[in-house]
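Single-structure report; data block below.
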Amino acid sequence: MPEIFDFTTFPTLTSERLVLRAPEPDDAADLFVWRSDPVVQRYNSEPMREVAEAAALIAELRREYADRRAIHWLVTLRDDDRPVGLFGYVGWAPGHHRADVGYDLRRDHWGRGIATEALDLLLRFGFDRMDLNRVEAQTIADNHESVRLLERLGFRRDGLRRSYSLEEDGTYHDGAIYGLLRHEYR
Ligand SMILES: CC(C)(COP(=O)(O)OP(=O)(O)OC[C@H]1O[C@@H](n2cnc3c(N)ncnc32)[C@H](O)[C@@H]1OP(=O)(O)O)[C@@H](O)C(=O)NCCC(=O)NCCS
């Protein structure tokens with residue numbers, strides 16, 4: 001088995017179309033594009049109003065990596081270094097061989113398989129280099145794009161938290177918990 005990842009060098013990941021790299025302070029304006037989009041942020045925090053909020057988020061993502069608490073990757077296309085998505089492992093519990101994933105993508109890049117390709121890179125890295133046995137994802141149950149993404153990669157629904165979050169439409173939405181185990185990953 002390859003060496004377990006130890007945070008000393010940032011793990012840039014590459015696939016046919018994508019390069020997943022570390023967030024840099026200069027990425028704030030690009031991150032702001034999708035984090036200020038109310039459709040992308042529908043099931044997440046309030047849309048950002050100023051680029052300074054994106055800069056603060058990037059500083060926090062970098063701090064979490066430096067503190068060895070999380071790994072956040074910006075998604076770029078091979079021929080363009082400007083980021084279009086943010087994917088990451090948060091809540092890594094090495095003793096239990098388990099971590100949670102989170103992801104979002106600029107809206108004009110939806111529907112091209114970019115999220116599938118990016119999440120697959122994270123999965124391969126997680127099972128190979130972080131020695132994970134379980135990857136977990138929590139999503140609002142009627143976030144159809146997110147649910148389709150998880151199911152396409154083999155995640156199974158482990159449970160449902162009824163009326164888990166109050167969304168901006170003023171109603172409670174169920175929260176779904178998805179898991180993918182190492183032996184289920186192709
Ligand atoms: C969740 C999210 C990242 C999914 O993005 P996405 O573009 O739907 O996912 P993919 O990039 O994998 O694209 C899949 C779609 O592209 C199509 N597609 C085109 N080319 C493809 C390819 N080469 N490979 C796979 N799918 C491809 C698929 O058919 C699929 O379409 P469908 O959903 O109509 O079946 C995106 O909707 C998002 O950012 N949402 C807002 C943030 C969010 O809710 N995050 C989750 C919080 S828990």
Side-chain angles (χ1 to χ4, degrees), residues 13-21 23 27-49 53-54 57-58 60-61 64 70-80 82-92 98-126 132 134-169 171-180 185-186:
L13 307 177
T14 55
S15 63
E16 205 179 309
R17 289 185 292 176
L18 307 178
V19 177
L20 272 57
R21 62 162 176 82
D27 293 316
D30 287 310
L31 176 64
F32 179 74
V33 171
W34 73 92
R35 284 299 182 110
S36 62
D37 180 339
V39 175
V40 175
Q41 291 300 103
R42 195 174 30 158
Y43 298 113
N44 201 343
S45 48
E46 284 273 297
M48 288 178 176
R49 295 208 167 80
E53 295 172 70
L57 176 59
I58 287 178
E60 173 60 19
L61 303 177
E64 288 184 8
I71 314 172
H72 301 278
W73 287 270
L74 285 177
V75 177
T76 66
L77 297 166
R78 266 183 182 266
D79 56 1
D80 184 352
R82 292 178 53 186
V84 298
L86 177 64
F87 281 58
Y89 276 116
V90 292
W92 183 9
R98 184 185 78 211
D100 298 340
V101 277
Y103 42 83
D104 48 55
L105 194 66
R106 218 171 88 169
R107 186 150 48 112
D108 57 1
H109 285 65
W110 290 12
R112 298 174 55 194
I114 292 174
T116 303
E117 199 168 314
L119 187 52
D120 198 32
L121 279 173
L122 262 71
L123 294 174
R124 201 171 325 139
F125 180 81
L132 298 179
R134 173 184 169 83
V135 176
E136 182 164 311
Q138 297 178 21
T139 187
I140 300 300
D142 48 19
N143 185 350
H144 304 297
E145 293 88 0
S146 175
V147 164
R148 275 202 301 274
L149 169 66
L150 294 169
E151 291 180 343
R152 190 179 303 118
L153 285 165
F155 281 77
R156 284 165 45 178
R157 184 177 284 195
D158 288 335
L160 194 72
R161 299 193 273 205
R162 293 171 303 133
S163 293
Y164 182 66
S165 63
L166 181 59
E167 296 298 333
E168 60 187 22
D169 63 6
T171 68
Y172 295 103
H173 289 239
D174 295 340
I177 300 169
Y178 280 82
L180 178 67
Y185 182 60
R186 47 156 181 79

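In what follows, every heavy atom counts, from backbone to side chain, and hydrogens, waters and symmetry copies are set aside. Whatever order the structure lists them in is the order used to number ligands and atoms, beginning at 1.
- For Tyr172, the side chain to side chain donor-acceptor pair (under 3.5 Å) criterion is met by no residue, not counting sequence neighbours.
- Closest heavy-atom contact between Val19 and Arg78: CG2-CG, 3.9 Å.
- For Phe125 and Trp73, the ring centers are positioned less than 6.0 Å apart.
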Pairwise, report which nitrogen or oxygen atoms of ligand 1 are under 3.5 angstrom from protein nitrogen or oxygen atoms, and how far apart they are.
{"unit_1": "ligand 1", "atom_1": "7 (O)", "unit_2": "Gly111", "atom_2": "N", "d": "2.6"}
{"unit_1": "ligand 1", "atom_1": "11 (O)", "unit_2": "Gly113", "atom_2": "N", "d": "3.2"}
{"unit_1": "ligand 1", "atom_1": "11 (O)", "unit_2": "Ile114", "atom_2": "N", "d": "2.9"}
{"unit_1": "ligand 1", "atom_1": "11 (O)", "unit_2": "Ala115", "atom_2": "N", "d": "2.7"}
{"unit_1": "ligand 1", "atom_1": "12 (O)", "unit_2": "Thr116", "atom_2": "N", "d": "2.9"}
{"unit_1": "ligand 1", "atom_1": "12 (O)", "unit_2": "Thr116", "atom_2": "OG1", "d": "2.3"}
{"unit_1": "ligand 1", "atom_1": "12 (O)", "unit_2": "Arg152", "atom_2": "NH1", "d": "3.2"}
{"unit_1": "ligand 1", "atom_1": "13 (O)", "unit_2": "Gly113", "atom_2": "N", "d": "3.1"}
{"unit_1": "ligand 1", "atom_1": "16 (O)", "unit_2": "Gly111", "atom_2": "O", "d": "3.1"}
{"unit_1": "ligand 1", "atom_1": "16 (O)", "unit_2": "Arg112", "atom_2": "N", "d": "3.4"}
{"unit_1": "ligand 1", "atom_1": "16 (O)", "unit_2": "Gly113", "atom_2": "N", "d": "3.4"}
{"unit_1": "ligand 1", "atom_1": "20 (N)", "unit_2": "Arg112", "atom_2": "O", "d": "3.4"}
{"unit_1": "ligand 1", "atom_1": "33 (O)", "unit_2": "Arg148", "atom_2": "NE", "d": "2.8"}
{"unit_1": "ligand 1", "atom_1": "33 (O)", "unit_2": "Arg148", "atom_2": "NH2", "d": "3.0"}
{"unit_1": "ligand 1", "atom_1": "39 (O)", "unit_2": "Leu105", "atom_2": "N", "d": "2.9"}
{"unit_1": "ligand 1", "atom_1": "39 (O)", "unit_2": "Leu105", "atom_2": "O", "d": "3.4"}
{"unit_1": "ligand 1", "atom_1": "39 (O)", "unit_2": "Trp110", "atom_2": "NE1", "d": "3.3"}
{"unit_1": "ligand 1", "atom_1": "44 (O)", "unit_2": "Asn143", "atom_2": "ND2", "d": "2.7"}
{"unit_1": "ligand 1", "atom_1": "45 (N)", "unit_2": "Tyr103", "atom_2": "O", "d": "2.8"}

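- Both the sub-6.0 Å distance and the 45° axial angle are not jointly satisfied by Arg35 relative to the ring of Phe32.
- Under the side chain to side chain donor-acceptor pair (under 3.5 Å) criterion, Trp34 pairs with Asp104, sequence neighbours left out.
- Within the structure, salt bridge (charged side-chain N to carboxylate O under 4.0 Å, His left out) contacts touching residues 139-150 (residues at least two apart or in different chains) are Arg42-Glu145.
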